[in-house]
Number of protein chains: 2
Amino acid sequence: MDINELARRGGVSVATVSRALNGRPEVSPATRDRIRALADELGYAPNASARALASRRSGLVGLLWDTDYRSGGRQHPFLQEVLVGLKEAVNEHGQGLILLPIAPDDDPDGYVRLARQYTLDGVVLMGVDECTPSVAGLLSGALPCVALDLAVGGPRSASVSSDNVGGARAAVRHLVAQGHRRIATVTGPTDLKPAAERYAGFRRELARHHLPCPDSYVVAGDFYADSGAAAMRRLLALPEPPTAVFVAGDAMAIAAVQAAQQDGWSVPGDVAVVGFDDIDAAGLLRPGLTTVAQDYHRFGTTAVGLLAELAAAPPDRASRTVVLPTALVVRASSVRTPLEEEATP
Amino acid sequence: MDINELARRGGVSVATVSRALNGRPEVSPATRDRIRALADELGYAPNASARALASRRSGLVGLLWDTDYRSGGRQHPFLQEVLVGLKEAVNEHGQGLILLPIAPDDDPDGYVRLARQYTLDGVVLMGVDECTPSVAGLLSGALPCVALDLAVGGPRSASVSSDNVGGARAAVRHLVAQGHRRIATVTGPTDLKPAAERYAGFRRELARHHLPCPDSYVVAGDFYADSGAAAMRRLLALPEPPTAVFVAGDAMAIAAVQAAQQDGWSVPGDVAVVGFDDIDAAGLLRPGLTTVAQDYHRFGTTAVGLLAELAAAPPDRASRTVVLPTALVVRASSVRTPLEEEATP
DNA sequence: CTGTTAGCGCTTTCAC
DNA sequence: GTGAAAGCGCTAACAG
């Protein structure tokens, strides 16, 4: 069942069939509908390869996701939701999503070649280092690229990230509203953009409330659990320990809560904790972890929208960044009496 | 830079280039190497669409993953690792991985059409219901299909799953070794294969030790956290509560541990708990959750191997199932004195 | 509005 | 061992 067969049975030419199926304006509504009806009555599906070959567009979006990047996979607790959003959006656009293999780091056009090979419409990047020659090579080309949680520059690129600053500020604001004045933070590796921004938001909100932030109240972590536990212990060992801690990632935050509890402190009684990310475990713990949630699903849909935008726009536009709102999820780790929550807003 | 250009520069015909690049035996080793060297010197990448169109094989494996299936995504905590394994294996085979859109449930050849459209080499199914007409239609066709964690039958299908029975038995054996005699279980929905098998393994191992299993010691859950908490409360309210519980999924197990603690019981002091899956949170909790780990990465690699096997085999072979070993990860939730672990094996 | 036709870039007989 | 040539199934000029 190919386009010729369809044309024959429909009593029209293949050109007309093609036009009807692609919704071209030149075809009359009557024949368009007739052909379309016939097509799905016969279960016709256009061959994607033939279509791509002839039109020089595959309708495929490549996902560049470096699974080797740091400790191999578990560091993107949200990948799954991003992927779902991406997939749904891509399909809604009538496109397909293909997972790209990893190109050698040092080959500046490993990915460019892959993109050409599949005639990709665009590429979505996540969990990659934009400075790697292979990635930089891709970004500097004319192919639409959208990076997640990563600021990139390039003739046809954009990025989407969460409002890390705003999320951190909301966390601090919440802690201040709970009556805390001695608020510390455990940061992520501040060479990573999200970590740097969360830290900046933390400082800014603290300043807005004229609260001090001694150096000893800032402990660097690495987003992994162990560093969170260690950081919390260091904070609680201070002569004047904080009464609240904003931890820049949930894995660290959870470990921090448990380290505190293990050392005999009560959470939130002695020390309140707020995390960032809203990973699954945050809701499974007791006390539940108050945390800043990101809209992972929207990452995907936004990325696909940007890709389409980039494809249409002139090639040399300034790189755009879309910032997605975050939401504070209040659980027990930061609220003395959960029930008071609603009573005293 | 296409095959013609390459042929011209190499002073040979396109046919020879094609043969050289595809490692065909007819071409002389000398020209083969020469052409290949030239190809990657010039950064030539064969156009995937043209290749697929001419050869009727795309080198693409489709991933059928129903993101709508029950509560939308979070129920596959291990998807990410499976995906990484899948991707790596697929790429090693020189293939690509494409995420298939969801076809309407009631269309028996929605997926068949998709597969034809992309000229797929095969399809990997995960998190889908094999009874859905659309999925059943795909399975009954001649396209190689491999299902994960799902027993499927079809002229060219196979499945891969974890040794759920063995894992459950290992869990029970461990509890018995810890001195427990009153061992209960919280099951998953036993209409799902993994849940049924874990339950079967539980019973079998209990029987092997001549331990009783009263009906009240078997509580049905649904793999979600809430059901785990409820089940645990029911067990602990029994006149003679169990001293150990095997919970068929980590999300339930974690909630069970916390419910017990919240009600004033000590884990593992009063009741030991062993879960299944080894999700991230299992290691983040205190006490850490003893659990049965699956080799998710290997799911992917095994699936790809099976796909290749199916493509080569005669179309009507009996459907094969590969069972992957599981591993018990002992943490604090099942061991009275963690340090004794090594001392008293 | 519709049909004819020339490719898209590759693989694959079939000759040599 | 190599080359010539005929498609693979579709899109996109170009005519009409």
Side-chain angles (χ1 to χ4, degrees), chain A residues 1-36 38-40 42-60 94-96 113-121, chain B residues 1-36 38-40 42-60 94-96 113-121:
Chain A
M1 176 84 289
D2 64 0
I3 201 176
N4 295 294
E5 178 73 2
L6 230 192
R8 216 176 43 66
R9 300 221 200 177
V12 292
S13 72
V14 294
T16 300
V17 172
S18 173
R19 287 191 275 248
L21 263 26
N22 291 312
R24 293 311 205 65
E26 312 100 329
V27 77
S28 84
T31 44
R32 171 167 49 65
D33 295 345
R34 194 165 55 77
I35 296 302
R36 286 189 170 180
L38 188 63
D40 64 49
L42 298 177
Y44 167 76
N47 180 305
S49 304
R51 196 199 276 252
L53 186 57
S55 67
R56 300 143 164 304
R57 293 188 57 258
S58 67
L60 247 34
Q95 300 174 299
R113 206 146 54 217
L114 269 170
R116 224 182 30 224
Q117 180 174 348
Y118 286 110
T119 341
L120 296 181
D121 286 6
Chain B
M1 175 87 287
D2 65 0
I3 201 177
N4 294 294
E5 178 74 2
L6 230 193
R8 216 175 44 66
R9 299 219 201 179
V12 292
S13 72
V14 294
T16 300
V17 171
S18 173
R19 289 192 272 248
L21 263 27
N22 291 313
R24 292 311 205 66
E26 312 100 328
V27 77
S28 84
T31 43
R32 172 167 50 63
D33 295 346
R34 196 165 55 77
I35 296 302
R36 286 189 170 183
L38 189 63
D40 64 47
L42 298 176
Y44 168 75
N47 180 305
S49 305
R51 196 198 275 250
L53 185 57
S55 67
R56 301 146 163 299
R57 294 187 56 258
S58 67
L60 248 33
Q95 299 175 299
R113 206 147 53 215
L114 269 170
R116 225 186 24 227
Q117 178 174 350
Y118 286 111
T119 340
L120 297 181
D121 286 6

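Numbered from 1 within each chain, the chains take letters A, B, ... in sequence-line order.
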For nucleotides 6-16 of chain D, 5' to 3', base contacts (B), sugar-phosphate-only contacts (S) and non-contacts (-) with protein non-hydrogen atoms under 4.0 Å give -BBBBSBB---
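- B/Leu6 and B/Tyr44 get closest at one heavy-atom pair: CD1-CD2, 3.5 Å.
- The heavy-atom pair separating A/Ala45 from B/Arg113 by the smallest distance is CB-CG, 3.1 Å.
- Judged by distance alone, the side chain of B/Arg32 and the main-chain N or O of B/Gly23 form no donor-acceptor pair under 3.5 Å.
- Per the geometry, CG belonging to B/Leu6 stands 12 Å off C1' belonging to C/dG9, to the nearest Å.
- Distances shown here put a side-chain N or O of A/Thr16 below 4.0 Å from the OP1 or OP2 atom of C/dG3.
- Between the side chain of B/Asn22 and the main chain of B/Arg24, no donor-acceptor pair closer than 3.5 Å is present.
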Under the criterion side-chain contact (heavy atoms from CB on, under 4.5 Å), I'd like the reasoning laid out for A/Leu21 against A/Arg36: C-alpha separation, chi angles, the key distance, then a yes or no. CA-CA 6 Å; A/Leu21 263 26; A/Arg36 286 189 170 180; 4.1 Å; yes
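- Note: CZ (B/Arg34) to P (D/dG1) measures 15 Å, nearest angstrom.
- Nucleotide C/dG9 holds its P atom 11 Å from the CZ atom of A/Arg116, rounded to whole Å.
- Only one option out of B/Leu120, B/Thr119, B/Asp121 pairs with B/Arg57 in a side-chain contact (heavy atoms from CB on, under 4.5 Å); it is B/Asp121.
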